[in-house]
There are 2 protein chains.
Amino acid sequence: MGSTRVRIAIDAMGGDNAPAEIVAGALRAQEELEAEVLLVGDPQQVEAALKHHGHASPIEVVPSEGTIEMEEEPLPALRRKPKASINVAMDLVKRGRADAVVSAGHSGAAMAAALLRLGRLSGIERPAIGAVLPTMIAGKPVLILDVGANVDCRPTFLEQFALMGTIYSQYVLGNTDPKVGLLNIGEEPNKGNELAIQTHQLLQENPAIPFIGNAEGRDVLSGHFDVIVCDGFAGNVLLKFAEAVGEVALQILREELPRGLHGKAGVTLLRPNLKRIKQRMDHAEHGGGLLLGVAGVCIISHGSSQSPTIFNAARLAKDAIDNQVLDRIRSSYEKPAVSS
Amino acid sequence: MGSTRVRIAIDAMGGDNAPAEIVAGALRAQEELEAEVLLVGDPQQVEAALKHHGHASPIEVVPSEGTIEMEEEPLPALRRKPKASINVAMDLVKRGRADAVVSAGHSGAAMAAALLRLGRLSGIERPAIGAVLPTMIAGKPVLILDVGANVDCRPTFLEQFALMGTIYSQYVLGNTDPKVGLLNIGEEPNKGNELAIQTHQLLQENPAIPFIGNAEGRDVLSGHFDVIVCDGFAGNVLLKFAEAVGEVALQILREELPRGLHGKAGVTLLRPNLKRIKQRMDHAEHGGGLLLGVAGVCIISHGSSQSPTIFNAARLAKDAIDNQVLDRIRSSYEKPAVSS
């Protein structure tokens with residue numbers, strides 16, 4: 001890593017609320033984490049946002065030109081715009097000027113840029129985006145991957161996701177004994193689509209993966225699994241549904257609690273408790289997904305990210321670097337496990 | 001249909017709580033719906049359950065031998081046990097002695113038995129299981145199909161699901177202007193896996209389907225879509241997750257609301273409102289999924305069904321019969337829509 005402080009390149013132009021919210025989150029990250037932030041973006045816009053927010057310590061701005069728009073096909077757009085913010089951010093890691101990238105822009109473009117500029121880790125056919133969700137057991141989150149990088153998968157991809165997820169769960173989330181599940185529609189090994197049936201067998205045969213069986217939709221938030229692997233289509237649907245459903249529950253509370261004779265009084269008494277409930281159901285805490293399997297630490301945040309999410313994404317990047325996730329994935333493939 | 005009263009064959013041996021809970025739900029259905037219930041099962045066990053619950057009006061018991069167990073492969077098991085309750089129930093419909101089947105047993109076996117004994121509706125390659133979920137808009141549920149019958153799908157299957165779902169939404173759920181969505185990981189037509197991309201085009205080109213575009217995970221419960229089509233793998237994961245997540249939200253409420261100085265007092269004041277919240281988040285209201293595309297009305301309920309679910313399943317069966325869902329699907333294929 002060279003310098004003692006972790007250096008994080010943040011794509012200031014990516015996301016619905018760029019650059020204002022991104023810059024605000026980046027400033028907080030530089031102040032509160034032991035990290036050096038590099039803001040990648042249009043210098044005028046970024047400087048204006050910096051001026052608006054005000055900041056005590058100096059922050060480096062790395063100029064870029066343009067961004068990849070949501071409706072653009074990633075690969076041609078990345079080639080057509082070599083100086084787009086996400087390309088420039090990835091180049092900073094490639095050239096050793098940064099240790100990680102955070103972006104809330106086009107997630108497909110972020111993944112493609114990481115692949116093109118940084119390449120894959122050896123042994124990994126496809127990188128995956130991992131997302132962390134809270135479970136029914138407080139303090140015991142579950143890592144789900146892939147949540148959108150690979151919509152069509154082969155069984156070996158999911159096997160690799162399981163291995164990377166195990167390492168991430170162990171060394172970043174601090175699980176000494178992570179348990180891996182395969183997202184499926186039944187508990188039995190013969191249940192599921194072609195992909196699930198074949199993956200089940202691979203996971204069972206790989207001694208480096210602490211596989212405990214299929215996880216049905218109802219098991220995802222049970223806390224019995226620390227890592228759940230799936231293709232990026234099912235994972236993305238699940239993640240976005242999970243994020244929305246917390247909102248639905250909160251809306252039902254807002255509508256129903258204040259009703260009737262005693263409603264208002266009851267709500268007043270419970271105000272602090274309701275605030276805590278909102279926090280537990282709210283998913284903004286998570287920062288984003290780690291792109292696992294590329295030769296660099298990349299955090300992909302929601303397009304709708306506001307400053308707290310960007311701050312949390314930067315913290316996630318720092319955790320991944322501090323815990324040497326990349327090296328651990330690399331070395332797990334250098335010493336191939338003995339097959340059973 | 002013959003008789004004026006709808007006749008519903010209920011698989012008394014199917015599900016975790018068979019026969020006691022199934023029989024209890026069946027008795028209530030016979031009493032409260034204008035329906036004649038035929039209880040299919042082991043005569044001794046069913047009679048014992050009937051005796052236990054007690055009942056005013058007579059109820060017919062149709063004897064069967066054995067059931068299909070959860071770990072059995074449907075087709076060989078159905079062939080090995082021709083007198084299994086699900087086979088006998090389907091035969092009642094085939095021979096015109098019943099108008100519908102309700103089962104909380106092995107769902108794959110129920111579908112296979114329906115296919116073997118009743119066959120498909122012409123024009124339908126694969127039947128689908130449809131499930132109804134409440135949305136953020138009160139009184140505006142969404143129909144999701146397939147939720148588990150077909151784990152590997154072709155685009156034409158999903159096109160047929162969309163057409164059947166439209167008819168169901170219109171004539172059973174009473175939507176004069178149903179809106180159909182395709183479950184996907186982005187709004188744009190080019191997003192998604194191979195299946196989604198090809199299905200998008202078919203849905204757009206079919207003038208009989210009121211397709212309004214892709215539905216992401218976050219849109220499922222928004223109330224903007226009345227029907228959402230997907231393969232049975234993604235649909236099953238989503239459905240089981242949705243059912244569990246209501247439980248998670250309720251548990252958070254139970255844990256957090258009574259805390260602190262004013263917690264207990266607040267909860268006491270809000271008791272009636274909390275009861276209403278529980279009802280809105282609880283999915284037991286729904287009875288089960290309709291198996292769409294077979295030549296008979298079949299409701300597949302959860303394995304964990306208790307008596308209220310069986311009652312609601314019978315009501316769902318009656319609604320489907322009263323509103324001639326099968327004839328409407330048939331006639332939509334007799335007069336093929338003009339392609340645009």
Side-chain angles (χ1 to χ4, degrees), chain A residues 70-71 73 135-136 148 151-152 183-186 188 190-196 216-222 230-234 236-249 251-253 255-260 262-263 265-270 272-274 276-277 280-281, chain B residues 70-71 73 135-136 138 148 151-152 183-186 188 190-196 216-222 230-234 236-249 251-253 256-260 262-263 265-270 272-274 276-277 280-281:
Chain A
M70 282 311 289
E71 61 279 7
E73 278 291 332
T135 71
M136 282 182 90
V151 289
D152 290 296
L183 189 67
N184 207 335
I185 64 165
E188 303 80 6
N190 62 340
K191 278 286 170 79
N193 52 18
E194 275 307 308
L195 174 66
E216 295 184 71
R218 72 170 67 97
D219 305 318
V220 172
L221 302 184
S222 69
C230 54
D231 69 74
F233 189 90
N236 184 276
V237 164
L238 197 64
L239 178 69
K240 287 179 179 163
F241 185 82
E243 288 167 348
V245 93
E247 259 312 303
V248 175
Q251 166 148 340
I252 292 177
L253 287 187
E255 280 178 28
E256 301 291 349
L257 276 184
R259 285 199 181 179
H262 307 297
V267 170
T268 306
L269 287 174
L270 293 177
N273 296 8
L274 289 169
R276 220 169 33 240
I277 288 168
R280 279 188 66 176
M281 291 187 184
Chain B
M70 281 313 288
E71 61 279 6
E73 279 290 333
T135 70
M136 283 181 91
V151 289
D152 290 296
L183 189 68
N184 208 336
I185 64 165
E188 302 80 6
N190 61 340
K191 279 284 170 78
N193 53 16
E194 276 307 308
L195 175 66
E216 294 183 70
R218 71 170 67 97
D219 305 318
V220 172
L221 302 184
S222 69
C230 54
D231 69 74
F233 189 91
N236 185 277
V237 164
L238 197 64
L239 178 68
K240 286 179 179 162
F241 184 82
E243 288 168 348
V245 92
E247 257 314 301
V248 175
Q251 167 150 338
I252 291 176
L253 287 186
E256 300 291 349
L257 275 185
R259 286 199 180 177
H262 306 298
V267 170
T268 306
L269 287 175
L270 292 177
N273 295 7
L274 288 169
R276 223 169 29 243
I277 288 168
R280 279 187 68 176
M281 291 186 185

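All values derive from a computational prediction rather than experimental measurement. So that the names make sense, note that chain A is the first sequence line, chain B the second, and so on, each numbered from 1.
Taking B/Gly266, B/Gly232, B/Gly217, B/Ala234 one by one and counting their heavy-atom pairs under 4.5 Å with chain A, the maximum is reached by B/Gly217. Ranked by non-hydrogen atom pairs under 4.5 Å with chain A, the options B/Thr135, B/Val245, B/Leu195, B/Thr268 are led by B/Val245. For the set B/Asp219, B/Leu274, B/Asn184, B/Leu239, the entry with the most heavy-atom pairs within less than 4.5 Å of chain A is B/Asn184. Among A/Val267, A/Val220, A/Leu183, the residue making the largest number of heavy-atom pairs under 4.5 Å with chain B is A/Leu183.
Once rounded to the nearest 0.5 Å, the distance linking CZ of B/Phe233 with CD1 of A/Ile185 reads 7.0 Å. With values rounded to the nearest 0.5 angstrom, A/Glu255 atom CD is found 12.0 Å from B/Asn273 atom CG. From B/Asn193, atom CG reaches atom CG of A/Asp231 across 7.0 Å, with rounding to the nearest 0.5 Å. Note that CG of B/Leu257 is 7.5 Å distant from CG of A/Leu253, once rounded to the nearest 0.5 Å. Taken to the nearest 0.5 Å, the CD atom of A/Glu71 stands 7.0 Å off from the CD atom of B/Glu188. To the nearest 0.5 Å, atoms NZ (B/Lys191) and CE (A/Met70) are separated by 4.5 Å.
Side-chain contact check for A/Glu73 versus B/Asn190: some heavy-atom pair is nearer than 4.5 Å.
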side-chain contact (heavy atoms from CB on, under 4.5 Å) assessment of A/Leu221 paired with B/Phe241: CA-CA 8 Å; A/Leu221 302 184; B/Phe241 184 82; 3.5 Å; yes

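Of all the heavy atoms in B/Val151 and A/Gly192, the pair that sits closest is CG2-O, 3.4 Å.
Both the backbone and the side chain of A/Arg259 come within contact range of chain B, judged by heavy atoms closer than 4.5 Å. Contacts between A/Pro258 and chain B at a heavy-atom distance below 4.5 Å involve the backbone alone (N, CA, C, O).
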